[in-house]
Amino acid sequence: MRELPEGVASGRIVETEAYVVGDTAGHAYRGMTRRNCSLFLERGHAYIYLAYGSSYMLNVSSETPGIGAGVLIRALEPLEDIPIMRLNRGIERLRDLARGPGRLTAALRVDRRLDGLDLCREGPLWLGRGDPEPREIGPGEIGESIRIGVSRDANRLQRFYLRGSPFVSGPRSINV
DNA sequence: AGTGCGATTGACT
DNA sequence: GTCAATCGCACTA
């Protein structure tokens, strides 16, 4: 859920990637720095960084305080206040509004100012049950694959996505 | 102070 | 399918 002056935009998370303890691809692997210190917060806090000079990546810290690990949120199925997301993205096509980690943050207007925020409490950005038509997701509906754009520790199967969702990013070859 | 590099995207052939 | 833009930050000296 993203609270903005114009309204509350929300979406269902349909794709994530895990960066666990000991993962050489994780930003926390080489210890705490100014950029990545939010990864070391209690689970459920936002770690946001700028990639390639233009795309913000939204992560959720996933361990106890002092342990650096997190989950990258890679794609959303837009649910509420879709017009806000269309304006933020400058495009119309629903499928592309939040398909990809940089597009997702652009659609929700998320940047480093929200870094370190507790996502388990209501606020400008939080994880809630905003789905107007909640649906139970069975274990067989979650696919696993290698992570996208990762060179180190490349064969970990730590990307998870909702099978069959058109809002998932990545090439079809890994979305089986 | 200088250097190199991305957990990407959009434009283009 | 290929490719370059873009910039904060970690690293080295």
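In what follows, chains are A, B, ... by sequence order, proteins preceding strands, each numbered from 1. In this text, all values refer to a predicted model and were calculated from it rather than measured experimentally.
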Glu17(A) CD to Ile148(A) CD1 distance, which is reported to the nearest 0.5 Å: 6.0 Å
Phosphate OP1/OP2 of dA7(B): any Arg159(A) side-chain N/O under 4.0 Å: no
Starting at [atom1] of [X] and ending at [atom2] of [N], how long is that distance when rounded to a whole Å?
X: Leu58(A); N: dT9(B); atom1: CG; atom2: P; value: 13 Å
X: Arg112(A); N: dA7(B); atom1: CZ; atom2: P; value: 14 Å
X: Ile48(A); N: dC7(C); atom1: CD1; atom2: P; value: 19 Å
X: Arg103(A); N: dA7(B); atom1: CZ; atom2: P; value: 18 Å
X: Asn36(A); N: dG6(B); atom1: CG; atom2: C1'; value: 14 Å
X: Arg99(A); N: dA7(B); atom1: CZ; atom2: P; value: 20 Å
X: Leu104(A); N: dG10(B); atom1: CG; atom2: C1'; value: 17 Å
X: Leu72(A); N: dG6(B); atom1: CG; atom2: P; value: 16 Å

Mate of dT9(B) where both pairing distances stay under 3.5 Å, Watson-Crick or G-U: dA4(C)
Taking the minimum atom-to-atom distance to the side chain of [X], which one of [options] wins?
X: Val150(A); options: dC9(C), dT9(B), dA7(B); value: dA7(B)
X: Pro101(A); options: dC7(C), dC11(C), dT8(B); value: dT8(B)
X: Arg34(A); options: dT9(B), dA7(B), dA10(C); value: dA10(C)
X: Tyr52(A); options: dT9(B), dA7(B), dG6(B); value: dG6(B)
X: Arg74(A); options: dC11(C), dA7(B), dG10(B); value: dA7(B)
X: Leu50(A); options: dA10(C), dC11(C), dG8(C); value: dG8(C)

Tyr49(A)-dG8(C) aromatic stacking (under 5.5 Å, under 30°): no
Sub-6.0 Å ring centroid separation between Tyr19(A) and His27(A): no
May I ask you to say what [X] touches in the nucleic acid, namely base, sugar-phosphate or nothing, with a heavy-atom cut-off under 4.0 Å?
X: Thr33(A); answer: sugar-phosphate
X: Arg89(A); answer: sugar-phosphate
X: Arg35(A); answer: sugar-phosphate

Side-chain donor-acceptor pair present, Asn175(A), Arg159(A), cut-off under 3.5 Å: yes
Exercise: do Ser169(A) and Glu15(A) side chains pair donor with acceptor under 3.5 Å: yes
Arg147(A) and Asp23(A) ion-paired at < 4.0 Å: yes
